[in-house]
Amino acid sequence: MSTAPTVRGTLALFAPRHLPNLLRLKAFFARQFRQTPREQFAAVFAPYARRLSADILPRFGKAAIAAAQRDGGDEA
């Protein structure tokens with residue numbers, strides 16, 4: 001029986017100060033989507049990109065995301 005945590009079971013706390021890096025990660029995923037074959041992206045990055053876009057970023061307000069983008073977090 002494995003005791004390693006799964007992606008879903010891992011506790012991750014993100015504060016507004018993490019937003020610039022989270023937006024950089026989102027931009028990285030967007031670049032990878034454009035540059036890699038769809039099957040490769042799906043196998044390697046899709047679960048993480050989906051979690052970032054669907055679970056993590058929506059927890060922050062639009063004003064906090066806009067401020068982080070102004071600070072250079074969104075470098076797509």
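Once rounded to the nearest 0.5 Å, the distance linking OH of Tyr48 with CG of Leu25 reads 11.5 Å. Taking NZ of Lys26 as the reference point, atom CD of Gln69 lies at 7.5 Å (rounded to 0.5 Å). From Arg24, atom CZ reaches atom CZ of Phe29 across 14.5 Å, with rounding to the nearest 0.5 Å. With rounding to the nearest 0.5 angstrom, the CZ atom of Phe14 is 4.5 Å from the CD1 atom of Ile56. Rounding to the nearest 0.5 angstrom, the gap separating the CG atom in Leu57 from the CG atom in Leu19 is 7.0 Å.
The two residues Thr36 and Phe41 make their nearest non-hydrogen contact at OG1-CB, 3.5 Å. The shortest heavy-atom contact between Ala42 and Pro47 is O-CD, 3.7 Å.
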Arg38 vs Phe33, side chain to side chain contact (heavy atoms under 4.5 Å, CB included): CA-CA, chis, key distance, verdict: CA-CA 7 Å; Arg38 188 171 296 248; Phe33 181 76; 3.9 Å; yes
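Ring centers of Phe28 and Phe45: under 6.0 Å apart, within the cut-off.
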